[in-house]
Number of protein chains: 2
Amino acid sequence: MSRITIKDIAKLLGVNPSTVSRALKDHPDIGAAMKAKVQQVAKDLGYYPNYQAINFRQRKSKLIGLILPDMSMFFFPDMIKSIELITKKNGYNLIIFQSNESFDKERECALVCQNFGVDGLLVCLSRETLTLDHFDVFTQERIPVVFLDKVIRGTNNATVDIDDFMASYTAINHLAKKNYKKIAGGFGSINLTMTQQRKAGFKAALEKHQLPFYSHLCFHGNTIEEVKKQFTLLLQIERPDAIFTMTDEVLAGVIQVIHEQNLSIPEDIAVISISNGNLPYYLYPKITYIKHSGQFIGKAAADLLFDLIDTPNTVTKKQIELETYLVELDSC
Amino acid sequence: MSRITIKDIAKLLGVNPSTVSRALKDHPDIGAAMKAKVQQVAKDLGYYPNYQAINFRQRKSKLIGLILPDMSMFFFPDMIKSIELITKKNGYNLIIFQSNESFDKERECALVCQNFGVDGLLVCLSRETLTLDHFDVFTQERIPVVFLDKVIRGTNNATVDIDDFMASYTAINHLAKKNYKKIAGGFGSINLTMTQQRKAGFKAALEKHQLPFYSHLCFHGNTIEEVKKQFTLLLQIERPDAIFTMTDEVLAGVIQVIHEQNLSIPEDIAVISISNGNLPYYLYPKITYIKHSGQFIGKAAADLLFDLIDTPNTVTKKQIELETYLVELDSC
DNA sequence: TTCGTTTGTGCAAACGGTTGTGTAAAATGA
DNA sequence: TCATTTTACACAACCGTTTGCACAAACGAA
């Protein structure tokens with residue numbers, strides 16, 4: 001009735017559990033006849049190994065922790081999907097946590113990961129996170145941690161992200177080439193490194209094209225609603241001829257306002273965004289975007305993590321910066 | 001250097017590990033002085049319990065498995081989010097698997113869950129799944145399984161879903177009341193129970209309003225691309241004055257075609273969908289929809305699961321059908 | 001025949017924490 | 001003061017599997 005163990009098989013065959021254990025994993029010490037008998041009985045009894053016992057014994061969990069700030073529909077599904085794929089391919093499983101953009105929650109998630117004995121950790125930092133001390137336990141116990149997408153640079157931690165500066169630079173460059181002059185910018189949380197860099201790229205590209213940077217054409221918003229509010233206010237002051245949005249969330253808000261105001265894209269206002277590339281296709285017209293691939297970031301980070309798990313000391317390139325590229329659709 | 005255990009604390013204090021174990025959990029058998037000492041040392045040494053050992057000993061994993069057909073961006077983020085919340089609130093963690101709409105993969109996922117010793121299982125069935133034998137092991141070992149959203153009815157399994165018939169019935173009813181006559185229908189995989197029921201509701205509502213059911217105004221598509229192709233073909237035959245879409249995926253495809261053909265909503269064609277309620281707001285005009293809440297389904301399923309875990313025999317209502325309701329926006 | 005090697009299996013400890021039972025010493029009661 | 005209860009801790013088994021070591025039996029070589 002209850003779960004079949006190696007001991008049950010051993011008792012039934014009148015042999016020692018260790019023999020059964022070895023027979024089941026085709027250990028060379030065990031004779032062919034015994035192996036056959038054991039495997040037959042195991043099958044008959046419907047034996048399957050108790051991974052909890054095994055992992056406990058091996059001091060491994062075969063678990064990879066993934067800490068996310070939020071389950072945003074725009075970016076994370078693709079990312080999780082590819083991480084899951086790699087994780088499974090390596091014989092591990094994924095256990096997902098959400099920090100809800102809170103530093104305290106993130107620390108809690110890390111603690112649970114620690115308790116669970118994850119063999120590796122993938123972390124997308126919360127908006128509030130400024131320090132990484134709460135991951136020190138992992139490095140101390142030689143459990144690899146890879147930061148992805150939302151990272152803090154300048155440390156020797158393993159990171160995978162994109163060149164945020166270049167991504168927005170490319171976007172604005174595209175707008176400038178299309179001869180847009182009054183370019184607005186919609187950004188996310190102002191304290192994120194990502195935001196600062198994307199804004200820096202925005203400014204640099206304007207400068208390169210000798211376009212002025214107007215701070216009244218820039219706004220920040222954490223949520224779609226905030227974005228809508230800010231952008232509506234902006235439009236009351238002056239209508240730009242193009243707008244760059246830093247993420248899908250910002251894009252979603254901006255698009256709604258544009259429709260509310262009965263503006264047409266790209267005639268009244270051109271739009272370009274950094275995006276994972278889903279939302280741009282659902283909108284009309286389709287939005288030109290700089291590809292920021294959740295799938296690629298997830299894959300790169302997971303691959304890096306398993307490199308670090310398998311060969312901790314030979315991995316040299318621990319800071320990976322993925323390419324972004326322009327996908328030209330119909331909004332500029 | 002390596003991880004601190006109860007034994008380390010015991011050795012350091014010259015007491016028995018069992019005393020430490022009890023002291024740490026405030027067992028009444030242990031004297032106040034000893035408790036204080038133990039807890040102090042534990043803190044000083046940075047002790048944290050080995051959950052692998054504990055769970056192994058207790059024959060629990062504190063893990064809930066979640067098997068999904070796919071990481072669709074429309075529906076699952078909200079669902080996962082709410083499941084995660086409840087799971088955590090109950091002191092459990094979530095481990096997510098994707099079957100990629102494949103029956104074999106789904107069976108594999110179930111196997112891994114079994115090996116991992118999950119304490120409960122939430123399953124959203126794949127497109128291909130027609131039987132539930134692969135979950136028998138769980139019921140045999142008294143591990144609760146709750147099927148959610150995509151379920152097979154008629155068994156005594158615990159299920160949480162919506163009244164698919166009513167959802168589409170309500171949608172078509174709304175269109176009919178608005179005096180639309182030629183109503184098209186965009187559906188998903190034809191072999192899903194969900195599809196059949198939503199189509200049945202579609203037909204029933206038409207009949208109630210004495211509107212004819214034209215099969216050439218109905219199509220099925222598994223992916224957005226298929227939907228686009230099918231709907232484009234449909235439009236070449238005859239333009240309906242309204243279209244009902246069964247899911248966000250179908251809606252996304254339909255909307256793209258509508259824009260490609262330069263039709264306007266709702267003047268040329270009205271649109272109504274069953275949806276989780278994100279996409280409808282991003283589109284223009286905003287799409288009227290029947291609310292099919294991933295969040296609610298996730299919550300209901302998770303709550304039910306923990307009821308079954310905590311009080312296996314007292315739970316009576318094991319088949320839950322959530323209400324859907326009309327959210328009237330601008331597309332009809 | 002004898003010694004060394006190989007083959008196949010048993011034995012027991014270990015992973016870290018929990019828990020039922022046993023038992024001194026201290027506290028209580030008459 | 002002595003019997004009895006309570007307090008506070010120790011001891012050891014246990015969860016399921018792995019693994020180093022011991023050790024017979026069979027085998028091959030000298």
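Sequence lines set the chain letters: A, B, ... in the order given, protein chains first and strands last, and positions in each chain run from 1.
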For a quick check of understanding: with a heavy-atom distance under 4.0 Å over all strands, which category does [X] fall into, base, sugar-phosphate or nothing?
X         : value
Lys60(A)  : nothing
Gly117(B) : nothing
Tyr51(A)  : nothing
Gln52(B)  : nothing
Arg59(A)  : sugar-phosphate
Ser21(A)  : base
Val15(A)  : sugar-phosphate

In whole Å, what is the span from the [atom1] atom of [X] to the [atom2] atom of [N]?
X        : N       : atom1 : atom2 : result
Tyr48(A) : dT17(D) : OH    : P     : 10 Å
Ile9(A)  : dT18(D) : CD1   : P     : 11 Å
Asn55(B) : dT18(C) : CG    : C1'   : 13 Å
His27(B) : dT6(D)  : NE2   : C1'   : 15 Å
Ile30(B) : dA25(C) : CD1   : P     : 18 Å
Met34(A) : dA26(D) : CE    : P     : 15 Å
Ile54(A) : dC15(D) : CD1   : P     : 17 Å
Asp29(B) : dT19(C) : CG    : P     : 13 Å

Heavy-atom donor-acceptor pair, Arg22(A) side-chain to dG20(D) base, under 3.5 Å: yes

Under-3.5 Å donor-acceptor pair between Ser18(B) side chain and dC11(D) base: yes

Option from Thr193(B), Asp161(B), Thr159(B) for which side chain to side chain donor-acceptor pair (under 3.5 Å) with Arg153(B) holds: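 When side chain to side chain donor-acceptor pair (under 3.5 Å) is applied between Arg153(B) and each of Thr193(B), Asp161(B), Thr159(B), only Asp161(B) qualifies.
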
Worked check of side chain to side chain donor-acceptor pair (under 3.5 Å) between Asn222(B) and Ser189(B): CA-CA 5 Å; Asn222(B) 285 334; Ser189(B) 301; 2.4 Å; yes

Ile309(A) side, atom CD1; Lys60(A) side, atom NZ - distance, nearest 0.5 Å: 9.5 Å

Proximity to the side chain of Thr19(A) - top-ranked nucleotide from dT17(D), dG17(C), dG10(C):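 The closest nucleotide is dG10(C).
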
Residue whose closest nucleotide on DNA chain D lies nearer the 5' end, Asn16(B) versus Gln58(B): Asn16(B)

Closest-nucleotide 5' rank along DNA chain D - winner of Gly31(B) and Lys7(A): Gly31(B)

With Lys7(A), the side-chain contact (heavy atoms from CB on, under 4.5 Å) member among Ile4(A), Ile9(A), Thr5(A): Thr5(A)

Lys25(A) side-chain N/O to dT17(D) phosphate OP1/OP2 under 4.0 Å: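 So the side-chain polar atoms of Lys25(A) never come under 4.0 Å of the phosphate oxygens OP1 or OP2 of dT17(D).
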
